[in-house]
Structures are given as C-alpha cells and as structure tokens.
Novice: 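Before I ask anything, here is the structure I am working with.
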There are 2 protein chains.
Amino acid sequence: MKCNAYEIFFMNFANKTKLDIIYSLREGPLSVLEIAQKIGEEQSKISHNLRKMSECRLLNVEQRGKQRIYSLNRETVIPMLELVEKHVKTCCCAGGCSKLK
Amino acid sequence: MKCNAYEIFFMNFANKTKLDIIYSLREGPLSVLEIAQKIGEEQSKISHNLRKMSECRLLNVEQRGKQRIYSLNRETVIPMLELVEKHVKTCCCAGGCSKLK
DNA sequence: AGAACATATGAATCCGTGTTCATATGAAAT
DNA sequence: ATTTCATATGAACACGGATTCATATGTTCT
C-alpha cells in the first residue's frame, strides 16, 4: 500500500499494544524488557511495535549498554493523549464510543 | 474484537478515506454526495465511513430534506490536525515518515 | 400512492496490519 | 573467543477492518 505520513501517524496510535506502550512510557523512559513486563506482552511483539513508532518519531531511542531505552516524544504524544482523553470524556458517554459492530 | 474508546478514536483517523472525508469537511459542512464527489469515491463507501466517524462523535449530522449534512466536530478534529501537521513537518523529514516496510 | 432522489445497511470478499515463532544481531562480561 | 543478556529481524499466518455490490430505508414531490 501507499500510506501517507498522516495515516501512518495515526496508525501508530490505533491499536491496543501501541497505546499500552505509550502509557507505559508516560511516567518515564524504559527499556524494551521493562515495557514488555509492564504491559505483559512478548518482547518480540513489543520490538516490532517500537520500531514503527520510533520510525514515525513518536518515540526516541537511546542505547545504554545492552539495553535500548525508549521514551515518548512528549511534545507530540502528550497533547495527543490530552485531546483524546478530553474527547472521550465529553463526547463518548463517559467511557466508550459505541463499539464497532 | 474488543476495541476500547481510544483505539476506536484513532482508527477513525488512520485511513485515507477517513482523512479525505475530514479534509473535505474542513471548510464547511457537506452532504454525503457532495463529500463523495469532492473526493471521488463511491457513495456507499463514504456512508460506511461516515457512520463510524459520527458514532465516535468526530462528526455531527443534521437532516436537511432528503440530505444529511455532515460537519466536523471542530473542537476535537481541528486541534488534532494541527498536531499531526506540526509533527509531520518538524519530525518526519518534511513530508513523510519512513514507510512501513 | 407512486416516482425520484439521497442515504443507509447487509453480506461477502479483499487486503493489510499485527502477531507469532524462530533466529539473527549486537553488546558487555568472563 | 565464548558465553550471556538484550534487542531486532524475517517469514508465515491469522484476524479484522475496509471496500464492494446489491438492496433496503427514508424523504420529498407530484
């Protein structure tokens, strides 16, 4: 397919694993394993997702010994989360848009 | 599946048709056919997308005669677009995140 | 009521993303 | 150099959203 930058951008928020990753990093940087443990998912799954998210600059990476430390691009991600949280709270019956199907 | 409100929210931005719809409505409300013509897609395709987007309150609907007039929930959508545009401009090499794959 | 227009809906299919599992790469320590 | 730890990568598969096509619903007008 030929995704433009905007589609790719939003795709990096539009799934549970990626959102879990974002929230796990909200309080500060973590290594891959730390993220995986924190949200209870496999390392490989996390790695694949981290890749796309940092390709799109939603995340920053930094090597520290054997580990890679990932952190949020807070300038973009935090305002984004605030927007969604506000929207969901005010527009979506306090907790859930009607489920698709 | 069991999508939470946040996933659903972002899914409603994360595809070309939906983004096209959003941009077609940026300057003002339109009917279904007007949207379809403006972006060159089938009516049915547009309708399906409009449904999900308004379920999630990204769009407002209003009946006017035979037509249904759709408009942006500007309070949420406009700031969202500004965020992405800024991000893509500053972080993604002026035009494109590295393509997935 | 019937015709014409506008939109929505259902079901089937297509297609792509996300996951999985196995394995490769890389980095530090012994 | 080899072992161990940490992460990335590749390929195959599965699942689910998006599209398509046909048809239903709804609205207005005559």
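Because the structure is a prediction, the values reported are computed rather than measured. Chain naming here is simple, since letters A, B, ... match the order of the sequence lines and numbering starts at 1 in each.
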Novice: Side-chain N or O of B:Arg68 versus OP1/OP2 of C:dA6: is the shortest distance under 4.0 Å?
Specialist: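 False: B:Arg68 side-chain N/O out of range (4.0 Å or more) of C:dA6 OP1/OP2.
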Novice: Is the shortest distance from a Lys or Arg side-chain nitrogen in A:Glu55 or A:Arg51 to a carboxylate oxygen in the other one below 4.0 Å?
Specialist: yes
Novice: Given C:dT19, D:dT7, D:dT20, which nucleotide is nearest the side-chain atoms of A:Thr17?
Specialist: C:dT19
Novice: Flag the pair B:His48 / B:Thr17 as yes when at least one side-chain heavy-atom distance between them is below 4.5 Å, and no otherwise.
Specialist: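 A side-chain contact under 4.5 Å is absent here.
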Novice: Which nucleotide wins on minimum distance to the side chain of A:Lys45, given the candidates D:dT28, C:dT19, C:dA27?
Specialist: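 Among the listed nucleotides, the one closest to the side chain of A:Lys45 is C:dT19.
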Novice: Under 4.0 Å from OP1 or OP2 of C:dT17: is there any side-chain N or O of A:Asn49 that close?
Specialist: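 Indeed not, no polar side-chain atom of A:Asn49 lies that close.
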Novice: From the list D:dT4, C:dA8, C:dT7, which nucleotide is the closest neighbour of the side chain of B:Leu33?
Specialist: C:dT7
Novice: Are any of the side-chain heavy atoms of A:Asn73 and B:His87 separated by less than 4.5 Å?
Specialist: yes
Novice: Among A:Lys52, A:Lys18, A:Met53, which residue satisfies the side chain to side chain contact (heavy atoms under 4.5 Å, CB included) criterion with A:Leu59?
Specialist: A:Met53
Novice: Remember a base hit wins even if backbone is also touched, and classify B:Gln43 as base, sugar-phosphate or nothing at under 4.0 Å, heavy atoms.
Specialist: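 Base contact - B:Gln43 has a heavy atom under 4.0 Å of at least one base atom.
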Novice: Quick check for you: among D:dT27, D:dC5, D:dA8, whose closest atom lies nearest to any side-chain atom of A:Ser47?
Specialist: D:dA8
Novice: Has B:Asn15 got a side-chain N or O lying under 4.0 Å from the OP1 or OP2 atom of D:dT19?
Specialist: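 B:Asn15 to D:dT19 OP1/OP2: side-chain N or O found under 4.0 Å.
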Novice: Flag yes if more than 12 heavy atoms outside B:Glu85 fall under 6.0 Å of its CD atom; otherwise flag no.
Specialist: yes
Novice: Return the value, rounded to whole Å, for the distance between atom CG of A:Leu50 and atom P of D:dA6.
Specialist: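 These atoms are roughly 16 Å apart.
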Novice: Check this one for me: any side-chain N or O of A:Lys52 less than 4.0 Å away from OP1 or OP2 of C:dG18?
Specialist: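 Yes, because at least one side-chain N or O of A:Lys52 sits under 4.0 Å from OP1 or OP2 of C:dG18.
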Novice: State yes or no: do B:Ile46 and B:Ile69 share one hydrophobic cluster built from I, L, V, M, F, W and Y residues joined by side-chain heavy-atom distances below 4.5 Å, directly or via other members?
Specialist: no
Novice: Let me know the distance between CD of B:Glu55 and P of D:dG17, rounded to the nearest Å.
Specialist: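 Distance check: B:Glu55 CD to D:dG17 P gives 12 Å.
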Novice: Rounded to whole Å, please give me the gap between CE in B:Met53 and P in D:dA18.
Specialist: 11 Å
Novice: With the criterion set at under 5.5 Å between ring centres and under 30 degrees between planes, would D:dT19 be stacked on B:His48?
Specialist: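 No; centroid distance or tilt outside limits.
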Novice: What's the CD1-P distance between B:Ile46 and C:dA6, to the nearest Å?
Specialist: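 Roughly 16 Å, once rounded to whole Å.
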Novice: Looking at C:dA8, I'd like to know if its phosphate oxygens (OP1 or OP2) sit under 4.0 Å from a side-chain N or O belonging to B:Tyr70.
Specialist: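 Affirmative; the distance criterion is met.
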Novice: For A:Gln63 and D:dA8, what is the distance between atoms CD and C1' respectively, to the nearest whole Å?
Specialist: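 For the pair A:Gln63 CD and D:dA8 C1', the rounded distance is 11 Å.
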Novice: Side chain of B:Ser44 only, heavy atoms from C-beta on: which candidate in D:dA22, D:dT19, C:dG18 is closest?
Specialist: D:dA22
Novice: Compare the minimum distances between each of D:dA18, D:dT7, C:dA27 and the side chain of B:Lys18, then state the nucleotide with the smallest one.
Specialist: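 So the side chain of B:Lys18 is nearest to D:dA18.
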Novice: Output the rounded distance in Å from CZ (B:Arg51) to P (D:dA18).
Specialist: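 Atom CZ in B:Arg51 sits about 13 Å away from atom P in D:dA18.
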Novice: Given atom CZ of A:Arg64 and atom P of D:dT7, what is their separation to the nearest angstrom?
Specialist: 11 Å
Novice: What's the CD1-P distance between B:Ile8 and D:dA18, to the nearest Å?
Specialist: 11 Å
Novice: Nearest to the side chain of A:Met11, which nucleotide is it out of D:dA8, C:dT20, C:dT17?
Specialist: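 Between D:dA8, C:dT20, C:dT17, the one nearest the side chain of A:Met11 would be C:dT17.
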